[in-house]
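Counting starts at 1 for both ligands and their atoms, in listed order. Residue numbers start at 1 and run along the sequence shown.
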Amino acid sequence: MSQTNGIPFIDLVAPHVELEEELVAVVKKALRTAGFVGGPMVEEFEREFAKFCDVPYCVGVSSGTDALRFALIAAGVKPGDTVITVPNTFIATTEAISQAGARPVFVDIDPRTYNLDPASLLRYLETSCDVDRVTGKLITRKTKSPVTAVVPVHLYGQMVAMDSICEVAEHYGMIVIEDACQAHGSEYFSAKENRWRKAGSIGDAAAFSFYPGKNLGACGEGGAVTTRDEQTARKLRMLRDHGQAQKYYHDVEGYNGRLDSVQAGMLAVKLRRLSTWNAQRREIAARYNELFGSLRDGLATPYEPDWARSNYHLYVIQVRKRDELRAFLSQAHVGTGIHYPIPLHLQKAYEDLGYTVGSFPVAEKVAEEILSLPMYPQLGHEDQRYVAAKACEFVEATSDQAAAMRS
Ligand SMILES: Cc1ncc(COP(=O)(O)O)c(C=O)c1O
């Protein structure tokens, strides 16, 4: 049992020990061909990841943040635009919006899925925006800037209710960029199309992160944009490479945002295991749900609607005494995480956006109560049972009922 040494929140050593030979072979191949940036290993990975996501195009880039920024620019977001997203996400989502020259605006999340609430999006568009009489474009009432895009974030690996988002976006002529940075292999059942769709295959473009801790993680930094649109893919290839399609012929100013070959080669090795790893994560999530089943009150397990198949990048519970539970688990040598403790609209970096406490009540409440438990494909049954038992012990001892009985 590893719980004597503690149960980490994430285990990044085990998968790399298992794959060491194949990963070292990738490094050797790069050294022997001096193919470090671009080249066949990047192209092969892009082909394989595009296939995995069910799209014709994948463009490898240097991080998920760059993937989002390039996706926004390539899909048509312009400086001065307004782009809508959620406050419950990693700051990279809004950094990318700002770095594309646009202004982020938030709408609240759904209290059960923790993801963008389509009703909040619609309410914002209907009550805080107008159609400009001259341009016919949607503009915000407050800043008069055109509202051109929405970024649904498939947080924790569970996809946003995309039919509703796409319907609203189509009605208002908005671009949809999926933040799929946590959603490699996640699926969504589109009632409109009567079929399951992969994360990254629905919006105008989608951004993935290959940060090491992701379900598909590089051994360093990496990211990718997927799209069904050939023109967008062409622009993305230029943006990541200084605005050039042909060496030293720069059609536009771009960025140094390429995926390096060693990372692409290693990602290709891991991509072959991704479906198995995701299935193992789903089994672990089901087991946690079962272990917490008897608690009912006091601890909410993740809500997975019928139309979603999460990749369980994170297994996030909601409890009232979150900080105390976290400290209790830490004493029991169980690692946990909080994703994320401060909603973006209350971050110092976004003071100038003018939001206050109370602007997004659901996101604010959730941020105080969520806790991410250990979740990785190699998490053993016994370790998992130990984590769940400790969490149950705390919740049972601190529940209102227990308090009432003691008094
Ligand atoms: C939701 C979300 N968006 C964007 C990013 C940015 O990805 P990266 O760290 O690869 O730049 C991350 C990664 O942490 C993320 O979780």
Chemist: Under 3.5 Å, is there a donor-acceptor pair between the Q182 and H154 side chains?
Modeler: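 No, because no side-chain N or O of Q182 sits under 3.5 Å from a partner of the opposite role on H154.
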Chemist: Between Y57 and F49, is the ring centre distance below 6.0 Å?
Modeler: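 Centroid separation for Y57 and F49: 6.0 Å or greater.
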Chemist: Between ligand 1 and T65, is the shortest N or O to N or O distance under 3.5 Å?
Modeler: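 Yes, there is a polar N/O contact under 3.5 Å.
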Chemist: For the residue pair K321 and F394, would you count it as a cation-pi contact if the rule is NZ or CZ under 6.0 angstrom from the ring centre and within 45 degrees of the ring axis?
Modeler: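 No, a cation-pi geometry is absent between K321 and F394.
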Chemist: Who's the nearest protein heavy-atom neighbour of atom 15 (C) of ligand 1, and how far?
Modeler: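 Among all protein heavy atoms, the one nearest atom 15 (C) of ligand 1 is C181 CB, 3.6 Å.
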Chemist: Give the residue and atom name of whichever protein heavy atom lies nearest to atom 1 (C) of ligand 1, and the separation in Å to one decimal.
Modeler: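 Result for atom 1 (C) of ligand 1: D179 OD2, 3.5 Å.
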Chemist: For atom 16 (O) of ligand 1, what's the nearest protein heavy atom and its distance?
Modeler: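 Ranked first by proximity to atom 16 (O) of ligand 1 is Q182 NE2, 2.8 Å.
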Chemist: Give the atom numbers and elements of ligand 1 that come within less than 4.0 Å of a heavy atom of T93.
Modeler: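 Answer, ordered by atom number: 3 (N).
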Chemist: Which residue supplies the protein heavy atom nearest to atom 9 (O) of ligand 1, what is that atom called, and how far is it?
Modeler: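 Residue, atom and distance for the closest contact: S209 OG, 4.0 Å.
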Chemist: With a 6.0 Å cut-off on the ring centroids, do Y156 and H313 count as close?
Modeler: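 They do not qualify: ring centres at least 6.0 Å apart.
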Chemist: Please check if any side-chain donor atom of Q280 sits under 3.5 Å from a side-chain acceptor atom of Y376, or the reverse.
Modeler: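 No, Y376 and Q280 have no side-chain donor paired with an acceptor closer than 3.5 Å.
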Chemist: If you count the non-hydrogen atoms of other residues, nucleotides and ligands that lie under 6.0 Å from CD in E324, is the total more than 12?
Modeler: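 Yes, the 6.0 Å shell around CD holds more than 12 heavy atoms from other groups.
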Chemist: Would G64 count as a polar contact of ligand 1, with the cut-off being nitrogen or oxygen pairs under 3.5 Å?
Modeler: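 It does: an N or O of G64 is found under 3.5 Å from an N or O of ligand 1.
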Chemist: Would you call K214 a ligand 1 contact, heavy-atom distance under 4.0 Å?
Modeler: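 True for this residue.
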Chemist: Which part of T89 is near ligand 1, with near meaning a heavy atom under 4.0 Å away: side chain, backbone, both or neither?
Modeler: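 Only the side chain of T89 comes within reach of ligand 1.
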Chemist: Is it true that E230 and R234 make a salt bridge, defined as a side-chain N closer than 4.0 Å to a carboxylate O?
Modeler: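 Looking at R234 together with E230, the answer is no, because their closest N to O distance does not fall below 4.0 Å.
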